[in-house]
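Values in this document were obtained by computation on a predicted structure and should not be read as measured data. We use all heavy atoms of the structure for the numbers below, so side chains are in, but hydrogens, waters and symmetry mates are not. So you know, we letter chains A, B, ... as the sequences are listed, proteins then strands, and number each from 1.
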2 protein chains.
Amino acid sequence: MHSDTHHESLKIPDEIRGLRMTRQRGEVYRILAEEKTHPTANEVFMRVKDRLPNVSLATIYNCLEALVQHGIVRQVNFDREPSRFCSNLADHGHFHDASTGVIHDIHFKPGVRLSDVLDLPDGALIDDVEITLRGRINSDS
Amino acid sequence: MHSDTHHESLKIPDEIRGLRMTRQRGEVYRILAEEKTHPTANEVFMRVKDRLPNVSLATIYNCLEALVQHGIVRQVNFDREPSRFCSNLADHGHFHDASTGVIHDIHFKPGVRLSDVLDLPDGALIDDVEITLRGRINSDS
DNA sequence: GATTAAAATTGGAATTGTTCTTGATAAAAT
DNA sequence: ATTTTATCAAGAACAATTCCAATTTTAATC
Ligand SMILES: [Mn+2]
Ligand SMILES: [Mn+2]
Ligand SMILES: [Zn+2]
Ligand SMILES: [Zn+2]
C-alpha cells in the first residue's frame with residue numbers, strides 16, 4: 001500500500017496529452033470521471049470544494065477549458081443553459097429527459113455513418129458533430 | 001392593385017397560429033423569411049430598424065420569443081454563441097462552415113428515421129432534435 | 001538548496017447576451 | 001367613448017462566463 005491517502009481512488013497521471021495535471025485539474029477531472037451526470041461548472045465547483053476548500057470558480061472554469069482544449073473532456077450545451085461537461089470521449093450525443101432531468105449519453109447504432117444519414121453540401125468536411133435530443137422516457141411498454 | 005404601399009412585398013397575415021401579427025412581429029418575421037442567413041437577435045434588430053426606426057432591442061427579443069413560442073420560427077444555438085433564428089420549419093439541422101461563417105441548413109436523406117440511426121433508451125419519446133455540425137467546405141472535388 | 005522564470009490559481013471586476021420591470025401606446029372589447 | 005387588454009420602449013437587472021492583477025505554486029537553472 002502506498003503512502004498518500006485517498007478514498008475510492010482513481011489514478012490520474014501527472015500529465016495527459018501535454019496538459020500538466022495540477023491538483024485542481026485533477027480534482028475537476030475526477031469529478032467528471034466518477035460521476036457521469038454531466039455537471040455544470042458550478043456543480044463541479046461545489047463538488048471540488050469538498051476536497052479543495054480554497055478553490056475558486058474561476059479556476060474551475062480555467063481547468064474545464066484546459067481539459068476541453070486538450071480533448072480530455074467534452075463540453076455539452078443544451079440551448080442557452082449553462083454548459084455541462086462530459087468525460088465520455090466516445091463519439092456520442094445527449095438525450096435530456098425532461099421528466100427526470102437526467103441526461104443520457106446516446107450512441108449511434110453500429111455501422112451508421114453521418115454521411116449516410118444527412119444530406120451534406122458537396123465537399124463538406126465535418127470537424128465536429130453535436131446531437132441533442134429532448135423528450136421523456138415512457139416507463140410502461 | 002391594393003392600397004397599402006410596400007417594396008418587394010411578402011404578404012404576412014394578421015394572425016398566425018393564434019399569434020397577433022403586429023407591425024414589429026411582422027417585420028421581424030419578414031427579415032427571417034427573406035434572408036435565410038440565420039441572423040442573431042442583434043442582426044435582426046439592425047435590419048428592422050431600417051423600417052421601424054423606433055423599435056427597441058427588447059421588442060426584437062419579445063417578438064422572436066413570441067414567434068418561437070408559436071412555432072413560426074426556430075431558435076438555433078451554436079455552443080454559447082448568440083442565438084440565431086431560422087424561418088425554415090422543415091425538420092433540419094445546421095452546418096456552420098468555419099471558413100466562410102455561413103450556416104447551411106442540413107436535411108436528412110429521404111427515408112431516414114432517427115430511431116434507425118441512434119441507440120435510444122427504451123421508451124424514449126423524442127420531442128425535439130438538434131443537430132449541429134461544424135467544419136469547412138473543400139472547394140476542390 | 002537557493003534563485004530565477006514560467007505557469008497556474010485566486011478573488012473580484014468586467015463583459016455580454018438575455019430577461020425583467022415599469023410606464024407609455026396601441027389595439028380590442030364593451 | 002370608455003374600459004380592458006396586449007404590446008412596446010427604455011433602461012435596469014441578471015447570470016454565465018471571461019478578464020485582470022496580484023499571489024502562489026511549480027519547474028528550470030545555477
Ligand atoms: Mn449539483
Ligand atoms: Mn449583420
Ligand atoms: Zn456525454
Ligand atoms: Zn435553419
Spacing of [X] atom [atom1] relative to [N] atom [atom2], expressed in whole Å:
X     : N      : atom1 : atom2 : value
B:D79 : D:dA16 : CG    : C1'   : 15 Å
B:M21 : D:dA6  : CE    : C1'   : 14 Å
A:F45 : D:dA16 : CZ    : P     : 13 Å
A:L19 : D:dA27 : CG    : P     : 13 Å
B:Y29 : D:dT7  : OH    : C1'   : 21 Å
B:H70 : D:dA6  : NE2   : P     : 12 Å
A:E15 : C:dA8  : CD    : P     : 11 Å
A:I60 : D:dA16 : CD1   : C1'   : 15 Å

Inset, instruction - Evaluate the criterion side chain to side chain contact (heavy atoms under 4.5 Å, CB included) for residue pair B:H107 and B:N88; output intermediate values, then yes/no. - result: CA-CA 11 Å; B:H107 296 265; B:N88 179 356; 3.7 Å; yes
Legend entry - Salt bridge flag under 4.0 Å for residues A:R47 and A:E27: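 No.
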Legend entry - Carboxylate-amine/guanidinium proximity below 4.0 Å for A:K109 and B:D116: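 Here A:K109 does not pair with B:D116 in a salt bridge, since their nearest N and O are not under 4.0 Å apart.
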Legend entry - Worked check of side-chain hydrogen bond (donor to acceptor under 3.5 Å, both in side chains) between A:H96 and A:H94: CA-CA 6 Å; A:H96 184 125; A:H94 294 97; over 6 Å; no
Inset, instruction - Treat primed atoms plus P, OP1 and OP2 as sugar-phosphate and everything else as base, then score nucleotides 17-30 of chain C 5' to 3': B for base contact with protein heavy atoms under 4.0 Å, S for sugar-phosphate contact only, - for none. - result: SSBB-------S--
Report yes if a side-chain nitrogen or oxygen of [X] is closer than 4.0 Å to either non-bridging phosphate oxygen (OP1 or OP2) of [N]; otherwise report no.
X     : N      : answer
A:S56 : C:dT10 : yes
A:T22 : C:dT9  : yes
A:Q24 : C:dT10 : yes

Legend entry - side chain to side chain contact (heavy atoms under 4.5 Å, CB included) between A:F95 and B:L118, worked out: CA-CA 11 Å; A:F95 168 57; B:L118 296 182; over 6 Å; no
Inset, instruction - Answer with base, sugar-phosphate or nothing: what part of the nucleic acid does A:R23 contact at a heavy-atom distance below 4.0 Å? - result: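 No contact.
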Inset, instruction - Tell me, with the steps shown, if B:L133 and A:L114 meet side chain to side chain contact (heavy atoms under 4.5 Å, CB included). - result: CA-CA 10 Å; B:L133 313 176; A:L114 207 62; 3.8 Å; yes
Inset, instruction - Could you tell me whether A:D14 atom CG has more than 12 heavy atoms of other residues or ligands within 6.0 Å of it? - result: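 Atom CG in A:D14 is not crowded, with 12 or fewer foreign heavy atoms closer than 6.0 Å.
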